[in-house]
Participant: 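Before I ask anything, here is the structure I am working with.
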Amino acid sequence: GATVHAIAARAHVNKAMINYHFQGKQGLYTAILKRDFGWALSQLNELAREPLRADAKLSRFVSIFGALHQRRPGLSAMMLREAMSGGRGLDPSLLPDMRSIFGAVQAIVAQGIAEGTFRDVDPLFMHHTVIGTLAFFFAAKPLRDRMIAEGVVPIAPPDPQDFIAHVQQLLARGLAKE
């Protein structure tokens with residue numbers, strides 16, 4: 001919802017630069033998501049080549065997306081807004097990247113089932129469990145920080161690495177084949 005003028009002012013550039021380099025606000029938004037998805041996909045491509053068990057790969061997948069959300073604090077809220085709007089702001093050129101991210105989860109789940117590491121699980125559910133959990137945790141930071149600061153939630157601010165480890169442990173236990 002930011003204007004090109006506000007974006008330019010915050011970036012200390014003029015509006016013409018944004019329009020010239022990105023063909024406007026939508027192009028800038030697409031470039032930001034393309035960069036973030038590209039980083040994640042390069043990490044996932046490396047992970048796919050590693051000879052690891054599926055449980056170790058899933059743990060690394062969680063770490064990769066936890067790192068992405070820490071590197072790009074606004075990404076979580078952007079992705080939740082996109083999910084709630086039906087993806088109205090997503091350029092079609094981003095869909096193959098999103099498909100590749102889902103494909104990585106699909107491959108990890110298939111490997112885990114085949115090697116007997118995971119119980120039978122739906123890859124789409126797994127994708128939403130990981131991506132949705134991380135996106136919500138990182139997007140909720142401003143509200144969580146406010147509630148902690150005002151004493152509504154009497155705890156210390158959580159360490160994101162502790163949350164990532166928590167998700168990894170939950171998945172490892174929840175997916176383990178009995």
Side-chain angles (χ1 to χ4, degrees), residues 1-50 57-110 122-147 157-161 163-164 167-168 171:
T3 65
V4 174
H5 177 76
I7 294 167
R10 188 154 180 200
H12 305 290
V13 299
N14 63 46
K15 292 188 315 187
M17 295 289 288
I18 292 172
N19 289 325
Y20 177 77
H21 289 285
F22 301 103
Q23 290 72 51
K25 184 169 71 169
Q26 182 63 39
L28 175 61
Y29 180 63
T30 299
I32 290 167
L33 291 177
K34 199 69 148 145
R35 180 200 56 209
D36 291 343
F37 291 166
W39 179 85
L41 287 169
S42 72
Q43 301 293 308
L44 293 175
N45 288 334
E46 288 178 28
L47 177 59
R49 290 189 297 271
E50 293 189 31
K57 284 187 178 184
L58 185 59
S59 181
R60 288 272 303 282
F61 183 94
V62 172
S63 292
I64 289 166
F65 278 87
L68 175 60
H69 287 285
Q70 288 179 283
R71 289 167 46 104
R72 306 295 304 148
L75 178 65
S76 305
M78 288 188 322
M79 293 315 301
L80 290 175
R81 276 193 298 275
E82 285 299 342
M84 291 186 302
S85 76
R88 280 195 306 255
L90 291 177
D91 187 274
S93 69
L94 295 166
L95 298 180
D97 291 347
M98 295 176 80
R99 169 63 179 103
S100 294
I101 292 167
F102 173 69
V105 173
Q106 213 172 13
I108 292 168
V109 167
D122 186 308
L124 181 64
F125 293 173
M126 182 55 53
H127 175 77
H128 284 299
T129 297
V130 174
I131 301 297
T133 299
L134 292 170
F136 186 80
F137 175 80
F138 287 102
K141 183 182 183 321
L143 175 60
R144 183 174 53 248
D145 288 350
R146 177 178 156 212
M147 292 176 71
D159 180 338
Q161 294 305 324
F163 183 75
I164 291 166
V167 171
Q168 290 166 325
L171 290 173

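Along the sequence shown, residues are numbered consecutively beginning with 1.
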Participant: Rounded to the nearest 0.5 Å, how far does CH2 of Trp39 lie from CZ of Arg72?
Facilitator: 11.5 Å

Participant: Does Thr133 reach the side chain of Val62, with side-chain heavy atoms less than 4.5 Å apart?
Facilitator: no

Participant: Donor-acceptor pairs under 3.5 Å, side chain of residues 135-142 to any protein atom, not counting sequence neighbours: which ones?
Facilitator:
residue: Lys141; atom: NZ; partner: Asp145; partner atom: OD2; Å: 2.4

Participant: Quick one: closest heavy-atom pair of Asp122 and Leu124, and the distance?
Facilitator: OD1-N, 2.7 Å

Participant: Starting at CD1 of Ile101, measure out to CG of Leu68 and round the result to the nearest 0.5 Å.
Facilitator: 8.0 Å

Participant: Which heavy-atom pair separates Glu50 from Lys57 by the least distance, and what is that distance?
Facilitator: O-CE, 3.2 Å

Participant: What distance do Ile164 atom CD1 and Phe65 atom CZ have between them, rounded to the nearest 0.5 Å?
Facilitator: 12.0 Å

Participant: If every non-hydrogen atom of Ser59 is compared with every non-hydrogen atom of Gln168, which pair is closest and at what distance?
Facilitator: O-NE2, 2.8 Å

Participant: Identify the heavy atoms of His69 and Ser76 that sit nearest to each other, and give their distance.
Facilitator: ND1-OG, 2.6 Å

Participant: For the residue pair Gln106 and Arg99, establish whether any side-chain heavy-atom pair is separated by less than 4.5 Å.
Facilitator: yes

Participant: If you round to the nearest 0.5 Å, how far is CG of Asp36 from CE of Met79?
Facilitator: 9.5 Å

Participant: If you take all heavy atoms of Gly89 and Glu82, which pair is closest and at what distance?
Facilitator: N-OE1, 3.0 Å

Participant: Working to the nearest 0.5 Å, report the span between CG of Leu47 and CD1 of Ile108.
Facilitator: 5.5 Å

Participant: Does atom CZ of Arg146 have more than 12 heavy-atom neighbours from other groups under 6.0 Å away?
Facilitator: no

Participant: Side chains of Gln43 and Ser63 only: does a donor on one sit below 3.5 Å from an acceptor on the other?
Facilitator: no

Participant: As a test of understanding, state which of Asp97, Ile32, Leu44 forms a side-chain contact (heavy atoms from CB on, under 4.5 Å) with Phe37.
Facilitator: Asp97

Participant: Kindly indicate whether the side chain of Leu171, heavy atoms from C-beta on, has any atom under 4.5 Å from the side chain of Met126.
Facilitator: yes

Participant: Side chains of Leu33 and Leu75: does their closest heavy-atom pair fall under 4.5 Å?
Facilitator: yes

Participant: Which atom names give the shortest non-hydrogen contact between Leu134 and Gly66, and what distance separates them?
Facilitator: CD1-N, 3.9 Å

Participant: Once you round to the nearest 0.5 Å, how far does CG of Leu28 lie from CE of Met17?
Facilitator: 12.0 Å

